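Remarks on the structure that follows.
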Amino acid sequence: MATALVTGGAGYIGSHAVLVLLERGWDVVVVDNYSNSCEEPLRRIEAMTAKSIKRYQADIRDQSALAQIFAAHSIDVVFHFAGWKAVGESTEKPLDYYQNNVGGTLALLDVMRKHDVFKLIFSSSATVYGDPDSVPINEQAPTRTTNPYGASKLAVENILTDIASWDTRWSFAILRYFNPVGAHESGMIGEDPNGIPNNLLPYIAQVAVGKLPQLQVFGDDYDTPDGTGVRDYIHVMDLVEGHVDALQVISQRPGMMTVNLGTGQGYSVLEMVKAFEQVSGKPVPYRVGPRRAGDIATCYADPRLAKTILGWSAERDLSAMIRDTWRWQQKNPSGYLGN
Ligand code: NAD
Ligand code: WQD
């Protein structure tokens, strides 16, 4: 049986990937330092699948810890989710973001190479497109970043692309996520933000469940149909299925690929509020405030390359994204450790 190492496997997207990989017959080894997560989702996944997850609390920057993990398991591929992702925090701690996101990836690649593991799927972000010249955004669009988080993602992309162009042993899939939302349909695992959520859907969910009084809409004077920001929300289960498809392709064809994972459909903040009210049956009070620094008006993917190369396209619609977010939120009103 093949073995996948999942870095950041206790986090939001990584935990969903772990579940899907186990269901598809993979052995899974997780390395996570729990800097933005906890062990609980892994325990729940074990209960849901009746399978065990080998897990290590370790920092991917710690090469000797990583080397022990690679020595203990015959790893075939690495799904690399570990990293920090808070845009605001990255502007306060830029060096920490480079150390963790870039330094962590370099340490991981070095240990992989020493153990003859050359396949890696990397979590990148539509943030590398910055404020796009036009939408939908395809993979040829210019990259530009406006904060250290985005810059750290782009730096890793550039490093991987360059390495693959010189050392043909490597196979990389760089996946540029648009806005991942939703949860596994069981409601057992989902997104568990620390403190007050930065992202729209977790914030709306906490308003609907009564934890937060109202949503603040960050500006209604954008050049969009209703003036609020438009984004390409993608169900986390669709997203992780795209990773499995990417793995199939790089396993058969060495080299590298850079692919958008989005639906190609944009929704505004107010459309998200209305859709959430409809699906949950709860009011989502909001008030319009000023724009958030660094935000852009509109961002959605051209998802055709993923269809062509991976045979993948998103299948779950907005109501599924919201239904699953709402189920997770209701079952876990205070997140993993609040119950
Ligand atoms: P998350 O914070 O829930 O998960 C990341 C996990 O990595 C956490 O469990 C954290 O504890 C762990 N981690 C961080 N640094 C580590 C280190 N040095 N060593 C070991 N573990 C470490 O975030 P997520 O939403 O699941 O995102 C996963 C990846 O996808 C990240 O790389 C993120 O930048 C990227 N991404 C996320 C989004 C999004 O909106 N969620 C969008 C685009 C890209
Ligand atoms: C969505 C829309 C806000 C909160 C961020 C990162 C990006 C990527 C995904 C990792 C925008 C509006 C939000 C609120 C609001 N992450 N909003 N009130 O900004 O598209 O992307 O997460 O790679 O790098 O920047 O997502 O969910 O924060 O915002 O009105 O309380 O909701 O202005 O239009 P964003 P988001």
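Being a predicted model, the structure only gives us computed values, none of them experimental. All ligand and atom numbering here is 1-based and tracks the order in the structure.
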> Has ligand 2 got any nitrogen or oxygen that is less than 3.5 angstrom from a nitrogen or oxygen of Asn199?
Replying inline: yes
>> Measuring from atom CG of Leu261 to atom CG of Leu175, what distance do you get when rounded to the nearest 0.5 angstrom?
In response: 5.0 Å
> Taking both backbone and side-chain atoms of Phe218, is any N or O found less than 3.5 Å from an N or O belonging to ligand 2?
Replying inline: yes
>> Under 4.0 Å, heavy-atom basis, I'd like to know which part of Val269 is in contact with ligand 2: side chain, backbone, both or neither.
In response: side chain
> Can you pull the residues with any heavy atom under 4.0 Å from ligand 1?
Replying inline: Gly8, Ala10, Gly11, Tyr12, Ile13, Asp32, Asn33, Tyr34, Ser35, Asn36, Ser37, Ala58, Asp59, Ile60, Arg61, Phe81, Ala82, Gly83, Trp84, Lys85, Asn100, Ser123, Ser124, Ser125, Tyr149, Lys153, Tyr177, Pro180
>> The criterion is salt bridge (Lys or Arg N to Asp or Glu O under 4.0 Å); which residues satisfy it with Arg144, sequence neighbours excluded?
In response: Asp133
> Does ligand 2 have any atom that is closer than 4.0 Å to a heavy atom of Tyr233?
Replying inline: yes
>> Tell me the nearest of Thr298, Leu200, Leu212 to atom 27 (O) of ligand 2, using heavy-atom distances.
In response: Leu200
>> Check this for me, if you would: do Glu185 and Arg316 make a salt bridge, where the nitrogen-to-carboxylate-oxygen distance has to be below 4.0 angstrom?
In response: no
>> Checking contacts here: is it the side chain or the backbone of Tyr149 that comes within 4.0 Å of ligand 2, counting heavy atoms only? Could be both or neither.
In response: side chain
>> Can you confirm whether Asp167 is buried at CG, in the sense that more than 12 heavy atoms of other residues, nucleotides or ligands lie under 6.0 Å from that atom?
In response: yes
>> I'd like to check which ligand 2 atoms, numbered from 1 as shown, lie under 4.0 Å from a non-hydrogen atom of Arg231.
In response: 1 (C), 11 (C), 20 (O), 34 (O), 35 (P)
> For Phe118, is the NZ or CZ atom of Arg113 found under 6.0 angstrom from the centre of its six-membered ring and inside 45 degrees of the ring axis?
Replying inline: no
>> Any carboxylate oxygen within less than 4.0 angstrom of a Lys/Arg side-chain nitrogen, looking at Glu40 and Arg44?
In response: yes
>> I'd like to check which ligand 2 atoms, numbered from 1 as shown, lie under 4.0 Å from a non-hydrogen atom of Leu215.
In response: 14 (C), 18 (N), 31 (O)
> Ion pair present between Lys51 and Glu46, side-chain N to carboxylate O less than 4.0 angstrom?
Replying inline: no
>> Under a 4.0 angstrom heavy-atom cut-off, which atoms of ligand 2 come close to Ser125?
In response: 10 (C), 23 (O), 24 (O)
> Can you tell if the side chain of Met256 reaches within under 4.5 Å of the side chain of Trp170, non-hydrogen atoms only?
Replying inline: no
